Amino acid sequence: MTLSPRPQAVPTVQVSNDQVIVTEWRFAPGAETGWHIHDHHYVVVPQTNGALQLETPEGPKTVPLVAGQSYARSIGVQHNVINPTDHEVVFIEIEVR
C-alpha cells in the first residue's frame with residue numbers, strides 16, 4: 001500500500017521589498033511546507049488558533065498557535081511545518097531582510 005503525500009501549504013506573498021517579505025500561509029488539515037531553511041530572521045503572526053507540528057533535525061515538536069500572539073525565530077531555522085489539526089490553520093510570516 002502506498003501512502004499519499006501530504007497536501008502542500010499555500011503561501012501567498014503579500015509584500016516583498018528591500019526590507020521585508022510578508023507571506024500568508026494557509027494549511028489545510030494535514031498540509032505541510034516541506035523541509036526548508038530560513039534565510040532571514042522572521043516573525044509569525046497566527047491568524048487562527050491551533051497547533052503546528054514541526055519536524056526538525058532534533059526531532060518532532062508541537063507548537064500551539066494563539067490568534068494574534070506573535071513569536072519570532074532566528075535565521076537558520078530548519079524544519080518541515082505540518083498542520084496536525086482537523087481545521088485550517090493560517091498565519092502571517094514576516095521575514096526581515
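Just so you know, these numbers come straight off a predicted model, no measurement behind them. Note that these values count all heavy atoms, side chains included, but never hydrogens, waters or copies made by symmetry.
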* Treat each ILVMFWY residue as a node, draw an edge where side-chain heavy atoms are under 4.5 Å apart, and state whether Val20 and Tyr42 are in one component. => no
* Is there a path from Leu65 to Val43 through hydrophobic residues (I, L, V, M, F, W, Y) whose side chains come within less than 4.5 Å of each other? -> no
Backbone N/O of [Y] and side chain of [X]: donor-acceptor pair under 3.5 Å:
{"X": "Asn83", "Y": "Ala28", "result": "yes"}
{"X": "His36", "Y": "His79", "result": "yes"}
{"X": "Gln47", "Y": "Val45", "result": "yes"}
{"X": "Arg26", "Y": "Glu88", "result": "no"}
{"X": "His41", "Y": "Ile75", "result": "yes"}
{"X": "His87", "Y": "Asn49", "result": "yes"}

* Looking at Val15, Val13, Thr12, which one forms a side-chain contact (heavy atoms from CB on, under 4.5 Å) with Val22? ->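 Per the side-chain contact (heavy atoms from CB on, under 4.5 Å) rule, the option paired with Val22 is Val15, out of Val15, Val13, Thr12.
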* **Passing candidate, side-chain contact (heavy atoms from CB on, under 4.5 Å) with Trp25, options Val89, Thr33, Val90** =>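 Going through Val89, Thr33, Val90 one by one, the side-chain contact (heavy atoms from CB on, under 4.5 Å) with Trp25 is satisfied by Thr33 alone.
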Identify the two heavy atoms, one from [X] and one from [Y], that lie closest to each other, and give their separation to 0.1 Å.
{"X": "Pro29", "Y": "Pro7", "answer": "O-CG, 4.1 Å"}
{"X": "Gly76", "Y": "Ile37", "answer": "O-CG2, 3.9 Å"}
{"X": "Ala9", "Y": "Ala31", "answer": "N-CB, 3.9 Å"}

Between [X] and [Y], is any pair of side-chain heavy atoms under 4.5 Å apart?
{"X": "Arg6", "Y": "Asn80", "answer": "yes"}
{"X": "Glu95", "Y": "Ser16", "answer": "no"}
{"X": "Val44", "Y": "Pro46", "answer": "yes"}
{"X": "Asp18", "Y": "Arg97", "answer": "no"}
{"X": "Val96", "Y": "His40", "answer": "no"}
{"X": "Phe27", "Y": "Pro84", "answer": "no"}

* Test Ile82 against Glu55 for side-chain contact (heavy atoms from CB on, under 4.5 Å), laying out the working first. => CA-CA 8 Å; Ile82 304 159; Glu55 293 178 338; 3.5 Å; yes
* To the nearest 0.5 Å, tell me how far Gln78 CD sits from His38 NE2. =>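 The CD atom of Gln78 sits 10.0 Å away from the NE2 atom of His38.
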* Structure fact -> Output for pair (Thr23 OG1, Ile92 CD1), nearest 0.5 Å, gives 8.5 Å
* Derivation of the side-chain contact (heavy atoms from CB on, under 4.5 Å) call for Tyr71 and Val66 -> CA-CA 10 Å; Tyr71 63 89; Val66 177; over 6 Å; no
